[in-house]
Visitor: 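Let me give you the structure first, and then I'll get to my questions.
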Amino acid sequence: MTLRQREKTFKQIGATLERAFKQIDEGMEIVDRFDQARDDREREHYSLLVALAVHNSWQTITKIMRRIAIDVDHDMPKGIGAPNRLVDRMTERTSERPQIMSLANLEKVRKIGKFHRDFRRATMTRPMASEVIDYLETISDEIVPDMMENVRKLALVSPDGSDLIGYLRPKVAAGGQTVEVHA
């Protein structure tokens with residue numbers, strides 16, 4: 001991969017990370033509203049919005065894994081079971097990159113991935129609020145920080161890696177102001 005291709009890849013990953021942070025923040029704001037809801041109907045409404053936030057966040061995280069599979073591994077799984085094979089591949093270290101997804105998070109990732117597929121296909125019954133809140137918190141507190149650290153390692157092992165790290169510092173809204181997040 002040329003320097004220009006690496007820069008493009010890390011710019012795309014950085015922009016996708018920024019989107020994931022924003023989606024997670026929005027989802028956590030909905031969780032706060034859920035906690036303050038006055039009645040069951042309002043709780044159900046916010047529960048469905050949290051489920052949507054989990055779906056959107058997971059879809060964005062998957063885009064990062066696909067970008068790495070395509071641009072770094074040069075091999076994107078296809079066909080039946082491709083999402084699971086992609087996750088499995090991201091738990092493996094290759095000659096080109098460190099592992100992107102920790103094996104410690106694999107079971108949680110599989111559950112969130114299954115939830116995402118069922119939600120997308122509308123083949124699920126209404127999820128329990130506690131379940132979707134746990135998924136969002138897991139994405140926020142465990143999966144994204146783990147991926148962020150491993151993507152940072154990927155940048156560092158790349159030629160001119162210190163220059164690529166800057167692309168992984170997405171700006172996210174915090175209290176209405178834009179701030180820089182340090183990878």
Side-chain angles (χ1 to χ4, degrees), residues 1-28 53-117 119-120 134-172 178-183:
M1 185 184 317
T2 67
L3 176 59
R4 186 177 200 129
Q5 290 168 323
R6 278 193 302 276
E7 284 179 347
K8 180 180 177 187
T9 295
F10 280 93
K11 281 180 182 178
Q12 290 173 336
I13 291 172
T16 306
L17 278 168
E18 183 174 352
R19 190 170 338 127
F21 285 128
K22 182 178 179 194
Q23 290 167 335
I24 291 166
D25 286 346
E26 289 169 354
M28 295 309 283
V54 170
H55 170 270
N56 291 342
S57 299
W58 185 250
Q59 186 168 330
T60 302
I61 290 166
T62 302
K63 286 181 182 181
I64 294 169
M65 291 188 284
R66 286 195 313 255
R67 176 65 35 220
I68 292 167
I70 292 167
D71 291 351
V72 178
D73 296 349
H74 307 291
D75 186 26
M76 177 65 190
K78 292 182 180 9
I80 296 172
N84 286 331
R85 288 195 312 276
L86 177 63
V87 168
D88 289 344
R89 183 171 300 154
M90 293 298 120
T91 64
E92 299 167 357
R93 179 183 210 153
T94 71
S95 61
E96 298 291 320
R97 63 165 175 78
Q99 77 180 74
I100 302 301
M101 184 76 59
S102 169
L103 280 171
N105 288 327
L106 185 58
E107 185 178 330
K108 295 171 191 173
V109 166
R110 289 206 187 283
K111 285 181 183 178
I112 294 168
K114 181 182 180 330
F115 169 82
H116 176 263
R117 284 186 299 280
F119 185 89
R120 185 178 193 147
D134 285 347
Y135 289 158
L136 187 63
E137 289 173 346
T138 298
I139 289 170
S140 175
D141 299 341
E142 297 174 43
I143 295 170
V144 169
D146 179 50
M147 279 187 73
M148 181 84 181
E149 179 60 25
N150 291 322
V151 169
R152 187 180 144 293
K153 288 176 186 175
L154 172 61
L156 288 174
V157 299
S158 298
D160 296 320
S162 59
D163 295 338
L164 300 174
I165 290 292
Y167 299 124
L168 301 178
R169 294 187 178 129
K171 295 181 181 200
V172 295
T178 302
V179 295
E180 191 164 329
V181 176
H182 298 281

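Any value given below was found using the heavy atoms of this structure, including those in side chains, with hydrogens, waters and symmetry copies removed.
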Visitor: Enter the distance from Arg97:CZ to Ile68:CD1 here, rounded to the nearest 0.5 Å.
Guide: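 With rounding to 0.5 Å, CZ (Arg97) is 7.0 Å from CD1 (Ile68).
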
Visitor: Say you draw a straight line from CZ of Arg89 to CE of Met76; how long is it, rounded to the nearest 0.5 Å?
Guide: 8.0 Å

Visitor: Could you tell me which non-hydrogen atom of Val151 sits nearest to which non-hydrogen atom of Phe10, and how far apart they are?
Guide: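 Answer, listing the atom of Val151 first, then Phe10: O-CE2, 4.0 Å.
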
Visitor: To the nearest 0.5 Å, tell me how far Leu106 CG sits from Met90 CE.
Guide: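 Those atoms lie 12.5 Å apart.
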
Visitor: Do the side chains of Leu154 and Asn150 get nearer than 4.5 Å, heavy atoms only?
Guide: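 No, their side chains stay 4.5 Å or more apart.
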
Visitor: If you compare all heavy atoms of Thr138 against all heavy atoms of Ile112, which two are closest, and at what distance to 0.1 Å?
Guide: CG2-CD1, 4.2 Å

Visitor: Calculate, to the nearest 0.5 Å, the distance between atoms CE and OG1 belonging to Met101 and Thr91 respectively.
Guide: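 That separation rounds to 8.5 Å.
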
Visitor: Would you name the heavy atoms of Val157 and Glu96 that are closest together and state the gap between them?
Guide: CG2-O, 4.3 Å

Visitor: Could you report the tightest heavy-atom contact between Gly27 and Ala53, atom names first, then the distance?
Guide: CA-CB, 3.7 Å

Visitor: Determine, for Lys111 against Glu107, whether the closest basic-nitrogen to carboxylate-oxygen distance falls under 4.0 angstrom.
Guide: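 Salt bridge present between Lys111 and Glu107.
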
Visitor: Are the side chains of Arg66 and Leu86 in touch, meaning some heavy atoms are under 4.5 Å apart?
Guide: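 They are in side-chain contact.
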
Visitor: Mind checking the NE2-NE2 spacing from His55 to His116? Nearest 0.5 Å is all I need.
Guide: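 Those atoms lie 3.5 Å apart.
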
Visitor: Quick check: closest heavy atoms across Lys153 and Pro98, and the distance to 0.1 Å?
Guide: CB-CG, 3.9 Å

Visitor: Less than 4.5 Å apart, side chain to side chain, heavy atoms only: is that true for Arg6 and Leu164?
Guide: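 Side chain of Arg6 against side chain of Leu164, heavy atoms only: contact under 4.5 Å found.
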
Visitor: With a 4.5 Å cut-off on side-chain heavy atoms, are Ile64 and Arg19 touching?
Guide: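 SC-SC contact between Arg19 and Ile64 ruled out.
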
Visitor: For the side chain of Ser140 and the backbone of Leu136, is there at least one donor-acceptor N/O pair under 3.5 Å apart?
Guide: no

Visitor: For Ser102, is there any backbone N or O sitting under 3.5 Å from a side-chain donor or acceptor partner on Asp146?
Guide: yes

Visitor: Is there side-chain contact between Arg110 and Lys114, with heavy atoms separated by less than 4.5 Å?
Guide: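 Side chain of Arg110 against side chain of Lys114, heavy atoms only: no contact under 4.5 Å found.
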
Visitor: Tell me, with the steps shown, if Gln5 and Asp71 meet side-chain contact (heavy atoms from CB on, under 4.5 Å).
Guide: CA-CA 8 Å; Gln5 290 168 323; Asp71 291 351; over 6 Å; no

Visitor: Identify the two heavy atoms, one from Gln23 and one from Asn56, that lie closest to each other, and give their separation to 0.1 Å.
Guide: OE1-O, 3.2 Å

Visitor: Does Glu149 come within less than 4.0 Å of Arg152, counting only side-chain N to carboxylate O?
Guide: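 Yes, this pair counts.
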
Visitor: In Å and rounded to the nearest 0.5 Å, what is the NZ to OH distance from Lys108 to Tyr135?
Guide: 12.0 Å

